[in-house]
2 protein chains.
Amino acid sequence: MSRAIPTPGLPPTAALLPVTVDVIGLTVRGGVLQVLLVQRLLEPFAGVLALPGGFVLPDETLEAAAARELVEETGVAPPGHLEQLRTYGPLDRDPRGPVVSVAHLLLAPAFGLPAAGGDAADVAWHDVRPLLAGRGGAGRALAFDHARILADGVERARAKLEYSALATAFCGTEFTVAELRSVYEAVWDVRLDPRNFHRKATGTPGFLEDTGRTTSGGTGRPAALYRLAEAAGDPAAVVLNPPLMRPDA
Amino acid sequence: MSRAIPTPGLPPTAALLPVTVDVIGLTVRGGVLQVLLVQRLLEPFAGVLALPGGFVLPDETLEAAAARELVEETGVAPPGHLEQLRTYGPLDRDPRGPVVSVAHLLLAPAFGLPAAGGDAADVAWHDVRPLLAGRGGAGRALAFDHARILADGVERARAKLEYSALATAFCGTEFTVAELRSVYEAVWDVRLDPRNFHRKATGTPGFLEDTGRTTSGGTGRPAALYRLAEAAGDPAAVVLNPPLMRPDA
DNA sequence: CCGGCTTATCGTCAATACGACGACAACGAA
DNA sequence: TTCGTTGTCGTCGTATTGACGATAAGCCGG
């Protein structure tokens, strides 16, 4: 069924192309930005690390395909925020021939992965930093053009933290200002002044909402628990004004 | 040749989809933001206004396809800046069936269109404002989901003017500060204070470069002519720091 | 040649935002 | 109790912004 021509009435010059979705799944664990990668089982690039992804099925949306691939490869339905990143052209990507790939970005709190060796290929979190460093370390390279796609995704995430509430997508529903700051520090790979960050985060209208409760048990003074302000639904919809700008590099 | 399966060795569940490129060609004429639209000749949506675009050919890049479609439909190779916008999913877009469409954004100085009624369908500039107003005016609706795509493109352009030098893509190689301000005013649909804008534009490092020459002949005091600063090539690559923020709506 | 009109450019000023950093609060541990 | 740690509030000097006055430098009609 799948390879039949899906749309009669199209000009004969139109190419029918295989379309895939790839997912850049980012999270923050231990103060470090990490990405979800699988080890490929099949050629091409068998054994090499790659972004999870796969072919779009005949009757599904791009976003649905991305969500489905995530479930298939991680074994769970990840929480967090999923958005389209950009599309990578059909040429010079896959040795098998032209393939169009629509990359998606998932920003999620750290979630557990089922025991390795399940149905899908080995899937695990990997530190982003060495992967962005380029052709530095051996064996660190990603399959296809996934290194470039990852770089684009990280840059998108970094930019979006500035002017949207997307950083909260990395946290649970309730979080402290310090946890939120840790997200910014991990994604931007910088250190931020806790006092200035606190002032900025709590002072930006429409961003944070005090739950009235506090943490307990940890070391140091208990911290107030916040959640994303009302407008909720999609944290990407919240416009931070003024924005939280990252320091110059 | 075209409908042959391009990539043997793919899983049989993969769908082969027709892929199109659409172009949102924006310009500023007479202080108003305008978009390049064609009148469709064929069904579906015959006679309705639509974004120029067409199917991707077997052996071309997405960006190449967008550029080719522009040449075919306008009769000239438009100047300006072309970038990918985003991709619209295969379902519920085209009555003929699933189609993936990769929208591109062209920001260009006003360029002349060959006499209407040429080889391609009627192509012309249209004011953006009434098209964004939604289902307001009769006959103003665009084909397919192009109204939504146009809205996304305009929003992208508006955002990019803030933190990149992309506004210069709407101008010729040399321009006055007033012309540049007119671009911002048209795209953002606001009025900006000429004195503050002048201070900001000329004071932002890496943005404008004085040519030393001035305009002449016009009304009022002659204005200094500027060009985009060295780093040139792609104005989108110039990062405005601090950014030129649009006023709150 | 002269005001008058128009547009360009420079300055001033108050309000605001930001980075650096001091001070205090509130917890657990010793 | 004292200390170490982390969270929260303030202060201060600087940079940026928006509002707006003032001046410069061309055209135009008398």
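Here is how names work: the chains are called A, B, and so on, in the same order as the sequence lines, proteins then strands, and each is numbered from 1. Worth knowing before you read on, the calculation uses all heavy atoms, side chains too, and leaves out hydrogens, waters and symmetry mates.
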Distances for protein N or O near nucleotides 24-27 of chain C N or O, under 3.5 Å:
{"residue": "C:dA25", "atom": "N3", "partner": "A:Arg221", "partner atom": "NH1", "Å": "3.3"}

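Residue A:Asn241 contributes atom CG, which lies 15 Å from atom C1' of D:dT16 at whole-angstrom precision. In this structure, A:Glu179 places its CD atom 13 Å from C1' of D:dG7, rounding to the nearest Å. One can place OH of A:Tyr226 at 12 Å from P of D:dG7, the figure rounded to the nearest angstrom. Rounded to an integer number of Å, the gap from A:Leu208 CG to D:dT8 C1' is 14 Å. Residue A:Asp210 contributes atom CG, which lies 13 Å from atom C1' of D:dG7 at whole-angstrom precision. Atom CZ of B:Arg181 is separated from atom P of C:dA8 by 6 Å (rounded to the nearest Å).
Atoms NE2 and CG, on B:His81 and B:Leu105 in that order, are 7.0 Å from each other to the nearest 0.5 Å. Between atom CG of residue A:Leu150 and atom CG of residue A:Leu26 there is a gap of 7.0 Å, rounded to the nearest 0.5 Å.
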Discussion item. Between A:Glu155 and A:Arg246, does the salt bridge (Lys or Arg N to Asp or Glu O under 4.0 Å) criterion hold? Intermediate values first, please.
Written reply: CA-CA 12 Å; A:Glu155 179 48 36; A:Arg246 49 186 151 165; 3.1 Å; yes
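By the side-chain contact (heavy atoms from CB on, under 4.5 Å) test, B:Ala186 is found to be paired with B:Val28, residues two or more places apart in sequence or in another chain being considered.
Counting heavy atoms from C-beta outward, B:Pro222 and B:Thr176 have side chains that stay 4.5 Å or more apart.
With salt bridges taken as basic N to acidic carboxylate O contacts below 4.0 Å, one links A:Asp152 and A:Arg148.
Scanning residues 188-204 of chain B for heavy-atom distances under 4.0 Å to DNA chain C yields B:Arg195, B:His198.
Although no hydrogens or angles enter the test, the distance criterion places no donor-acceptor pair under 3.5 Å between the side chain of B:Gln84 and the main chain of B:Glu63.
Taking the six-membered ring where tryptophan is involved, the planes of B:Tyr184 and B:Trp188 are perpendicular, since the angle between them exceeds 60° and thus also 30°.
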